[in-house]
Amino acid sequence: MPQPVITLKGISFTYPGGKTALDRIDLTFYEGERIGLLGPNGSGKTTLFHIIMGLLQPTSGAMAFFGNPLKDPRDFKTIYRQIGLLFQDADDQLFCPSVLEDVAFGPLNMGASREEAIRIARETLAHLGLEGFEDRFPHHLSGGEKRFVSLATVLAMSPRALLLDEPTTGLDAQTRTRLIDVLKGLDLSYLIISHDMAFLAEITDKVYAMEKGRLYTEEKVRLHRHVHAHPHGAHPHEHR
Ligand SMILES: Nc1ncnc2c1ncn2[C@@H]1O[C@H](COP(=O)(O)OP(=O)(O)O)[C@@H](O)[C@H]1O
Ligand SMILES: [Mg+2]
């Protein structure tokens, strides 16, 4: 039996002074699943990821991780080590003066020695084809390079699952293909927010839809290259 990585029950969230961004979300995400998340801008996708990572506290609802109910927000400390978030904006992920330090930061924070953290960082960078980037200043990298370095910072923590928030945005065709190859080569469960349906078709097994804070998982659609979303509905569908 695959283990549930994340279980959300009736999760709602309202930004202070704002409107309801998440409306009674139910989601069970199992180990081994590779799921796409589609939905118009403002439908709550990023908010959902931030709730899962403990960056925001739900207004109501219950969460469990790896089968353990979350009782105390402090428990997120152990969870965020097991679930990696690739931020929608790479500048939110990179804050050190060098690429090597950014990638070593996670392992260091998890208790690795400085030597060990640097070894892990170098290995992760090499795995992603980023040898030679160690001493570069993250904020001077191109969009595609930032995306890969961000991915390195997440993978260096050996997560059991990944959340990727619009990872192909701003990538050229070649870099996008490289990202697809990297993701295909990972033995990891992931949830990916993307508007890029051809991308989702290549790297996910099913796609869920969000609209106005609601999550629709009942249509477990297998995307094909020719799939499109209706202009009047958030649900992707299969052509016959
Ligand atoms: N920090 C914030 N403060 C107030 N409202 C926010 C904040 N971030 C997002 N929102 C609002 O919450 C809703 C969902 O946003 P978001 O989760 O970013 O959507 P998506 O990622 O699907 O584009 C939108 O209406 C957005 O304007
Ligand atoms: Mg977003």
Side-chain angles (χ1 to χ4, degrees), residues 6-27 29 33-63 70 73 76 79-80 83-95 143-144 146-151 153-154 159 161-171 175-176 179 183 189-201 203-204 206-219 221 223 227-237:
I6 299 161
T7 314
L8 306 182
K9 286 222 168 20
I11 292 289
S12 294
F13 177 77
T14 304
Y15 283 100
K19 57 176 179 141
T20 300
L22 298 180
D23 184 9
R24 292 162 291 154
I25 302 277
D26 292 321
L27 168 72
F29 170 49
E33 284 193 304
R34 304 181 310 163
I35 300 174
L37 195 56
L38 268 173
N41 290 331
S43 57
K45 306 179 300 296
T46 295
T47 305
L48 177 65
F49 276 10
H50 289 182
I51 290 276
I52 291 172
M53 296 303 292
L55 300 170
L56 297 169
Q57 306 296 317
T59 318
S60 58
M63 296 196 264
L70 182 81
F76 274 116
I79 290 152
Y80 83 86
I83 302 175
L85 169 64
L86 189 72
F87 282 88
Q88 183 164 4
D89 183 351
D91 289 330
D92 290 337
Q93 200 121 36
L94 306 172
F95 46 82
K146 277 185 191 175
R147 188 72 69 196
F148 274 84
V149 171
S150 295
L151 186 59
T153 68
V154 175
L162 286 183
L163 306 177
L164 302 123
D165 196 345
E166 301 198 21
T168 61
T169 303
L171 299 188
T175 315
R176 180 177 165 283
L179 181 64
L183 293 175
S189 322
Y190 48 71
L191 267 172
I192 301 194
I193 296 171
S194 182
H195 301 289
D196 182 343
M197 298 219 205
F199 174 69
L200 290 181
I203 58 154
T204 66
K206 57 187 170 188
V207 174
Y208 295 161
M210 276 197 82
E211 193 170 353
K212 297 187 178 129
R214 298 284 295 161
L215 178 69
Y216 299 91
T217 63
E218 71 275 14
E219 276 186 51
V221 180
L223 281 180
V227 126
H228 66 273
H230 269 223
H232 301 297
H235 295 261
H237 67 282

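All ligand and atom numbering here is 1-based and tracks the order in the structure. Note that the structure is predicted; figures quoted are calculated from it, not measured.
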Location of contacts on Pro16 toward ligand 1, heavy atoms closer than 4.0 Å: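 For Pro16, there is no contact with ligand 1 at all, from either part.
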Met210 and ligand 1 - part of the residue with a heavy-atom distance under 4.0 Å: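 No part of Met210 comes within reach of ligand 1.
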Proximal candidate to atom 19 (O) of ligand 1 [heavy atom criterion; set Gly44, Ala21, Gly213, Gly17]: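 Considering heavy atoms of Gly44, Ala21, Gly213, Gly17, the nearest to atom 19 (O) of ligand 1 sits in Gly44.
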Can you tell me the protein heavy atom closest to [atom] and the distance?
{"atom": "atom 12 (O) of ligand 1", "value": "Tyr15 CE1, 3.3 Å"}
{"atom": "atom 18 (O) of ligand 1", "value": "Thr46 CB, 3.8 Å"}
{"atom": "atom 22 (O) of ligand 1", "value": "Lys45 NZ, 2.7 Å"}
{"atom": "atom 24 (C) of ligand 1", "value": "Gly42 O, 3.7 Å"}

Shell of protein N/O/S atoms around the Mg ion (ligand 2), taken as anything under 2.8 Å: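 Protein N, O or S atoms closer than 2.8 Å to the Mg ion (ligand 2): Thr46 OG1, Gln88 OE1.
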Heteroatom proximity flag, Gln88 to ligand 1, N/O under 3.5 Å: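 Min N/O separation from ligand 1 is not below 3.5 Å for Gln88.
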Ligand 1 to Thr47 polar contact by distance, N or O atoms, under 3.5 Å: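 Looking only at distances, the answer is yes, because the N/O contact criterion of under 3.5 Å is met.
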Main-chain N/O of Ile203 paired with Tyr190 side-chain donor or acceptor, under 3.5 Å: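 Checking the backbone N and O of Ile203 against the side chain of Tyr190, a donor-acceptor pair under 3.5 Å is found.
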Positive for side chain to side chain contact (heavy atoms under 4.5 Å, CB included) with Leu22, one of Leu48, Thr14, Leu215, Leu8: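 Exactly one pass, corresponding to Leu48.
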